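To keep things clear, I will list the structure first and then write my remarks on it.
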Amino acid sequence: MKRIGYFFLGALIMLVMTKPIFAQDSQQAEVAQEVLPAEAANTQNTGLSDKISLDLKGIDINELFKVLSTKSGITIVTSPEIKGRITVFIDNLSFNDTLDVIISMQDLAYERKGNVVKVMTASEYEKLYGKKFSEPKVTRTFKLAYAKPANVLNVINSLKSDIGKIISDEATGTIIIMDAPQSMLVMAGAIKELDQPLETVVFDVNYARFADIKNLLNDLITPGVGQIILDERSSKVVVYDLPQRLARIKKLMKEFDEQSRQVLITGEILEVYIADKFQSGIEWDKIFSSLNNLDVVAKFPVTPALSSYGKISVGTLASNDYNIVINMLSEYGATKVLTRPRIVAVNKEEAKILVGTREAYVTSTQSQGESTTITAESVQFIDVGLKLVVVPTIGADGFITMKIKPEVSSVKSTLTTTAGTVVPIVQTSQSETVVRVQDGHTLIIGGLLKQENTDDSSGLPKLSRMPVLGYLFGNKTKENKRTELVIFITPTIITGTSNIGREVSNESK
């Protein structure tokens with residue numbers, strides 16, 4: 001009886017001691033039931049080498065990684081950016097395969113170091129490592145047959161991705177590329193195009209400037225492959241490049257190195273002595289309005305500090321109206337032809353015409369030596385008279401755009417410096433304008449006025465200078481002379497000297 005009593009007593013004690021354990025197991029089972037849906041199967045911790053099976057619907061992605069960590073024994077850390085729910089059904093896969101399936105389904109990325117896996121979004125991985133997690137690298141070796149590795153490298157460096165790497169070996173002519181498959185395809189195509197035998201073409205440069213040729217060819221040759229050699233002594237250009245690129249260069253060089261067109265500028269400069277009754281000078285508005293086909297271009301102010309006259313008039317007329325304008329000008333006073341310049345200017349190049357004198361004056365500089373003072377003199381020149389600068393630009397429509405700068409100057413007085421140097425004081429009237437003239441038509445520039453006040457005396461050489469009675473033996477007159485310069489410019493497009501000869505022969509007839 002005692003043995004039976006001891007047995008029941010021991011069983012009762014064991015029951016009391018094990019009751020909290022059973023309760024704790026029951027609580028853990030309830031927690032597991034909250035984490036895993038009822039459909040979950042085979043939730044035993046099988047270890048890393050064991051296979052994993054999961055059947056989960058609408059589970060939070062972070063809870064899924066917690067379950068996966070529990071089943072594999074691997075520590076999984078997730079980024080705060082990972083959110084959402086997922087439904088998975090995995091049957092008998094390894095931990096690595098299971099992780100890859102989940103990562104690819106959710107566009108995630110991970111980094112593994114030992115037994116720790118860091119899971120993050122794909123964008124976080126790309127920002128952190130500068131490459132895409134899902135984009136693997138491939139490696140290819142290219143053996144170049146013609147091109148230099150350095151030249152090819154200059155081109156394909158701009159084609160590789162951020163994760164790509166290129167290694168070149170000049171000695172063996174080899175290029176090794178490690179990059180994503182898509183970038184590898186692009187670079188392989190570029191290498192195929194570049195690794196071709198180069199051709200050589202020699203161009204004779206007849207008209208174009210070498211500086212312009214160099215700028216043109218630098219934009220046309222294949223970057224990193226083509227080469228240019230310029231020899232100004234022989235007027236030749238040597239180009240090495242790919243055959244398809246040379247075909248384009250040949251065509252453009254033919255168009256670029258063409259004979260420059262020229263403009264024959266025929267001018268006539270008249271001086272009109274304005275009569276006293278025309279106080280305001282030549283009335284150009286009246287002359288312009290009398291010719292129906294005269295196109296008044298504009299009126300331009302001259303330099304206000306150098307002239308008291310306010311405008312320059314510009315217009316164009318047909319060649320058959322030239323004599324009509326000359327007759328109208330004779331009504332304002334006597335006309336005198338100062339010069340008829342003729343000059344040929346290359347398209348877009350500057351041409352200068354000077355009708356006048358070069359006034360000279362002497363300047364001196366002193367330098368102090370140890371015991372003596374050395375004075376050095378030099379002669380300076382200044383152009384005085386009529387200067388005309390013209391820059392013609394030939395248009396495809398037969399019109400010529402001319403940049404014109406007329407200038408009229410004269411010596412009004414002189415200035416004597418403290419060192420005794422006499423410097424001329426020059427009065428100048430100038431203007432600058434751009435006009436458009438049809439080939440063969442005449443451009444008129446008027447309004448270049450000049451006024452001179454002179455005192456003339458005449459009589460017996462000595463008696464006329466007497467203080468009181470001198471006026472009985474002499475005569476003094478004051479003269480106010482006003483003149484206006486009128487410039488006629490006729491531009492004609494020519495191709496060579498033969499045109500000039502024909503122009504001269506036509507004028508002589």
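Because the structure is predicted, anything quoted here is derived from the model rather than measured.
The environment of Y146 atom OH is sparse: at most 12 non-hydrogen atoms of other residues, nucleotides or ligands sit within 6.0 angstrom. Enclosure of atom CZ in R248 is not indicated, since only 12 or fewer non-hydrogen atoms of other residues, nucleotides or ligands lie within 6.0 angstrom. Surrounding OH of Y240 are at most 12 heavy atoms belonging to other residues, nucleotides or ligands under 6.0 Å away.
Put simply, the side chain of D241 gets close to the backbone of T222: a donor and an acceptor are under 3.5 Å apart. Between the side chain of T442 and the main chain of T490, no donor-acceptor pair closer than 3.5 Å is present. At distances below 3.5 Å, at least one donor-acceptor pair connects side-chain atoms of N215 with backbone N or O atoms of A211. Listed for the Q106 side chain is no donor-acceptor partner under 3.5 Å among the backbone atoms of I103. Under a 3.5 Å cut-off, the side chain of N154 and the backbone N or O of A150 do form a donor-acceptor pair. No donor-acceptor distance shorter than 3.5 angstrom exists from the side chain of R261 to the backbone of I494, with no hydrogens or angles considered.
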Query raised in the report: After noting the C-alpha distance and the side-chain angles of I400 and V263, does the key distance pass the side chain to side chain contact (heavy atoms under 4.5 Å, CB included) rule?
Result: CA-CA 9 Å; I400 304 170; V263 178; 4.2 Å; yes

Report task. Dump the intermediate steps for side chain to side chain donor-acceptor pair (under 3.5 Å) on N92 and S53, then the final yes or no. Result -> CA-CA 5 Å; N92 201 28; S53 296; 5.1 Å; no

Requested in this report: List the steps, then state whether side chain to side chain contact (heavy atoms under 4.5 Å, CB included) holds for F488 with I445.
Outcome: CA-CA 7 Å; F488 295 88; I445 302 176; over 6 Å; no

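We find that D179 and K160 are not joined by a salt bridge, their nearest charged nitrogen and carboxylate oxygen being 4.0 Å or further apart. Between K352 and E350 there is a salt bridge, since at least one side-chain N of the basic residue sits less than 4.0 Å from a carboxylate O of the acidic one. Between E432 and K403 there is a salt bridge, since at least one side-chain N of the basic residue sits less than 4.0 Å from a carboxylate O of the acidic one. Salt bridge absent: K143 and D195 never bring a charged side-chain N and a carboxylate O closer than 4.0 Å. K66 has a carboxylate O that lies under 4.0 Å from a charged side-chain N of E63, or vice versa, which qualifies the two as a salt bridge.
Separation of atoms CD1 (I343) and CD (Q262) is listed at 11.0 Å; rounding is to 0.5 Å. Between atom NZ of residue K148 and atom CD1 of residue I175 there is a gap of 13.5 Å, rounded to the nearest 0.5 Å. Atom CZ of F399 sits about 15.0 Å away from atom OG1 of T393, to the nearest 0.5 Å. Separating the CE atom in M105 from the CG atom in D100 is a distance of 13.0 Å, to the nearest 0.5 Å. Taken to the nearest 0.5 Å, the CG atom of L159 stands 8.0 Å off from the CD1 atom of I166.
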Just list the side-chain donor-acceptor pairs under 3.5 Å for residues 81-90, sequence neighbours left out, or say none.
{"unit_1": "R85", "atom_1": "NH1", "unit_2": "G58", "atom_2": "O", "d": "2.8"}
{"unit_1": "T87", "atom_1": "OG1", "unit_2": "G58", "atom_2": "N", "d": "2.9"}

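Of the N and O atoms on the side chains of N115 and T75, not one donor lies less than 3.5 Å from an acceptor on the other residue. Judged by distance alone, the side chains of E126 and S123 never bring a donor and an acceptor atom under 3.5 Å apart. Checked by atom type, the side-chain pair T174/D169 shows no donor-acceptor distance below 3.5 Å.
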